[in-house]
Peer 1: 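This is the structure I want to talk about, given as structure tokens.
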Protein chains: 2
Amino acid sequence: MKLGQATIKDIARELNLSASTISRALKDYPGISDETKRKVKEVAEKMNYRPNAIALSLRQSRSFTIGVIIPEVIHFFFSTVISGIEEVANSRGYNVILSQSNEKLAREISSIETMLSNQIDGVLVSYSKETKNFDHFTKLLDQGFPIVFFDRAPAIPGAINVMVDDYQGSFDATAHLISQGYKKIVHLAGPQTLKISIDREKGYREALEKNGIRVNPAYIITCPLGTLEESKELVTEALNTLPDRPDAFFSCNDIGAVGAIMACRDAGLKIPLEVGIVGFSDWQFCSMLDPQLSSVAQPGSLMGARATEILLDIIEKKLDPKTMEQTLILETKLMERDSSKRF
Amino acid sequence: MKLGQATIKDIARELNLSASTISRALKDYPGISDETKRKVKEVAEKMNYRPNAIALSLRQSRSFTIGVIIPEVIHFFFSTVISGIEEVANSRGYNVILSQSNEKLAREISSIETMLSNQIDGVLVSYSKETKNFDHFTKLLDQGFPIVFFDRAPAIPGAINVMVDDYQGSFDATAHLISQGYKKIVHLAGPQTLKISIDREKGYREALEKNGIRVNPAYIITCPLGTLEESKELVTEALNTLPDRPDAFFSCNDIGAVGAIMACRDAGLKIPLEVGIVGFSDWQFCSMLDPQLSSVAQPGSLMGARATEILLDIIEKKLDPKTMEQTLILETKLMERDSSKRF
DNA sequence: TCGCTCTTCGCAATCGATTTCAAAACAGCA
DNA sequence: TGCTGTTTTGAAATCGATTGCGAAGAGCGA
């Protein structure tokens, strides 16, 4: 008796039949007598038979597994995306292999390599902050390998992206601050390697211009690290040194906004009376803060779900990447809370 | 030319050699001339050859993949655990297949089934709140299949568990509240199906007793849902109806503690002057709240890492589950912050 | 009893890589 | 030239499941 699982051969031996008959009986193929089918299924049940998906994968060159490459699992936003991915993949019979790049290009590349070795049917990617060269993706795309990018869209022509409307979300947030009477609005920007950072900054700029406010370059402060400490420090510095003291901060992420809250509070400024603050992402904790933080909600779970649907449709040839819409943009929603509401 | 990847046979055809020679040449087996090795490697490189892990898995009955079953990815704590798992698994050459049960027993079972079909080498499990019967796990354990449970330890003799010291963490938190002069401490407990809930309640009870405070059953309030609204409501009710008004709340999780903060604030109580509050898990946002929330930190990433190390050691037969320590308990750390510090 | 048809099942190849066993090829030496 | 020994390579089986094709057996009419 083997230690492992019962195979189709074990059943065949037990019943003095051939492996082919067992296979057909289990799948209710025509040409197998009902009596045989009954016996086969009975023995399969008894032996606790479970088909070997690996053998199937090898034969069909299909693994029913998709890969997900993400910068960091710990980010709340990404965890919601994963949740959406897992949900859809699972319901359509696919497994999800996960790998985090930790924002390192080298790990991103090696992750893809091992996943390809494991014959994944497709991959969902949100690339790392380090990634500036996309050859490892274009090579695959050229071969027709199914890839869908989410959240962070690379500068690759023909690539399929699912993202939120960073520009519009940013525009809305800035316009909201303006409508609340804030005039000297600082933008805490993200690393310029990410398209989302650029789009968010653009939304900020255009909202100002459309409302007749001149964009002051000194009011755009880049936070490369994205940590709480960094933004707190930079905001404190801005409050102390900028000739025209800012009266609002729009951060490209929630952590930065929290840093701004802290810095303003330390500076003795009242929120939202004297300073307005808006974040981006609408992390869970926004409504738990004091004051509750206004933020731009990104539909993370939906993004994961949509990206997965598209990927699986491509894999199953229901969609041709060449003929389809290249970029799916999901709407954001501004959550107006205490940190930015004066009226 | 095939669409897919180049195989060993393609290289063989190209060089007029046999598949066996290619295989040996690529692995630097003895008995292959240096000249042949050189040519084979050159062609392999040129054809962008990548070994098919599926074929290897089939042959070796080893997939170098482990499964992870988790209630919900979105939970901050679990996302840190996943991060630790992924880290260790990756560095030891294993893939991670992820599945969330959404706290549903049925999905937990079906996830395990598909993972087994996919020939995973072992599995890490944190079981769902619905799971009261562990047959689907014991069956596997009896077959000698490698399983390591984390965070939530099932009542299965011989099972290997990695968890935090819920009892001690809870004891410390309660003792801390007592040391700060709080006397009427309410415990917001979790669902009694989870061992962690029971342990945390036990730590609370014994800390009280050891400090000569009688345990008041009315002071133990169970929060089955674990939502913010629920705890807010229950705390408000407790403040209004309990004959002896509580002066502190120790919640078995952070969400509950936030609900308590809100309820107390709405009731006009000053934190920490009039009411002390401590949570459990030390989620990211604890230090961003106002007042900053004291909480018991659980080493999530470490837990994931340790559990994975043990699992891989068992898989690789470096460890025998029968002879080893059954339960690994990781230390918690009380993060004392403003919400509970009167002095 | 011989055909023929239809039902029911088995053989063998396939997927990609590894590995055992054995066979070539070639060198050295008498 | 013939024999032994070494080096280098191949054929075939294996892992588990599927499937086209062929074959055996039953049943039936002539």
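Just so we're on the same page: letters track the sequence lines, and every chain starts at 1. All values derive from a computational prediction rather than experimental measurement.
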Peer 1: Is A/Arg92 salt-bridged to A/Glu316, cutoff N-O under 4.0 Å?
Peer 2: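 A salt bridge is present here (some side-chain N lies under 4.0 Å from a carboxylate O).
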Peer 1: Over all strands shown, is A/Thr36 touching base, sugar-phosphate only, or nothing at heavy-atom distances under 4.0 angstrom?
Peer 2: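 Result for A/Thr36 = sugar-phosphate.
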Peer 1: Could you tell me whether A/Leu58 contacts a base, only the sugar-phosphate backbone, or nothing, with contacts defined as non-hydrogen atoms closer than 4.0 Å?
Peer 2: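 Since a base atom lies under 4.0 Å of A/Leu58, the category is base.
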Peer 1: List the steps and the verdict of salt bridge (Lys or Arg N to Asp or Glu O under 4.0 Å) for B/Glu14 and B/Lys9.
Peer 2: CA-CA 8 Å; B/Glu14 181 82 12; B/Lys9 291 182 190 171; over 6 Å; no
Peer 1: Could you give the CG-to-P distance, from B/Asn118 to D/dC15, as a whole number of Å?
Peer 2: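 Computing the B/Asn118:CG to D/dC15:P distance gives 20 Å.
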Peer 1: State which residue, out of A/Phe137, A/Phe134, A/Phe150, fulfils the ring pair (Phe, Tyr, Trp, His ring centres under 6.0 Å) condition with A/Tyr127.
Peer 2: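 Filter result, single survivor: A/Phe134.
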Peer 1: Looking only at the side chain of B/Arg59 (C-beta and beyond, no hydrogens), which of the listed nucleotides D/dG16, C/dC15, D/dA13 gets closest?
Peer 2: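 Closest of the options to the side chain of B/Arg59: D/dA13.
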Peer 1: Nearest whole Å is fine: how far is C/dT7 P from A/Lys37 NZ?
Peer 2: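 Going from NZ in A/Lys37 over to P in C/dT7 covers 13 Å.
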Peer 1: Let me spell it out: for each of B/Pro30 and B/Ala55, pick the nucleotide of DNA chain D with the closest heavy atom. Which residue's pick is nearer the 5' end?
Peer 2: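 Result of the comparison: B/Pro30.
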Peer 1: Test your reading of the model: is there a side-chain donor-acceptor pair from B/Ser83 to the backbone of B/Ser79, 3.5 Å cut-off?
Peer 2: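 Answer holds: no.
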Peer 1: Whole-Å distance between C/dG16 P and B/Gln60 CD?
Peer 2: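 Atom-to-atom, B/Gln60 to C/dG16, this comes out as 17 Å.
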Peer 1: Salt-bridge test for B/Arg38 and B/Glu42: reply yes if a basic N is under 4.0 Å from a carboxylate O, no otherwise.
Peer 2: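 Judged by the 4.0 Å cut-off on N to carboxylate O distance, B/Arg38 and B/Glu42 do form a salt bridge.
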Peer 1: Can you tell me which residue pairs pass the side chain to side chain donor-acceptor pair (under 3.5 Å) test with a partner in residues 145-162 of chain B, sequence neighbours excluded?
Peer 2: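 Qualifying pairs, neighbours excluded: B/Glu103-B/Arg152, B/Asn161-B/Thr327.
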Peer 1: Between C/dA17 and B/Tyr49, is there an OP1 or OP2 to side-chain N/O distance shorter than 4.0 Å?
Peer 2: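 True: B/Tyr49 side-chain N/O within range (under 4.0 Å) of C/dA17 OP1/OP2.
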Peer 1: Report the base-pairing partner of C/dA12 (Watson-Crick or G-U wobble, both distances below 3.5 angstrom), or none.
Peer 2: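 Paired with D/dT19.
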Peer 1: Separation of B/Ile11 atom CD1 from D/dT9 atom C1', in whole Å?
Peer 2: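 Atom CD1 in B/Ile11 sits about 16 Å away from atom C1' in D/dT9.
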Peer 1: Of the residues in residues 15-26 of chain A, which ones touch DNA chain D at a heavy-atom distance under 4.0 Å?
Peer 2: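 Listed by number, they are A/Ser20, A/Ser23, A/Arg24.
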Peer 1: Can you check the B/Asp28 CG to C/dT19 P distance for me, whole Å?
Peer 2: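 Distance check: B/Asp28 CG to C/dT19 P gives 14 Å.
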Peer 1: Check the phosphate of D/dT18 against A/Lys27, side-chain N and O only, distance under 4.0 Å to OP1 or OP2. Yes or no?
Peer 2: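 Yes, A/Lys27 has a side-chain N/O under 4.0 Å of OP1/OP2 on D/dT18.
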Peer 1: Check this one for me: any side-chain N or O of B/Tyr29 less than 4.0 Å away from OP1 or OP2 of D/dT9?
Peer 2: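 Looking at the OP1 and OP2 atoms of D/dT9, neither is under 4.0 Å from any side-chain N or O of B/Tyr29.
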Peer 1: Is it true that A/Lys139 and A/Glu113 have a side-chain N and a carboxylate O under 4.0 angstrom from each other?
Peer 2: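 Here A/Lys139 does not pair with A/Glu113 in a salt bridge, since their nearest N and O are not under 4.0 Å apart.
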Peer 1: Separation of B/Met47 atom CE from C/dG16 atom P, in whole Å?
Peer 2: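 One finds 12 Å between P of C/dG16 and CE of B/Met47, rounded.
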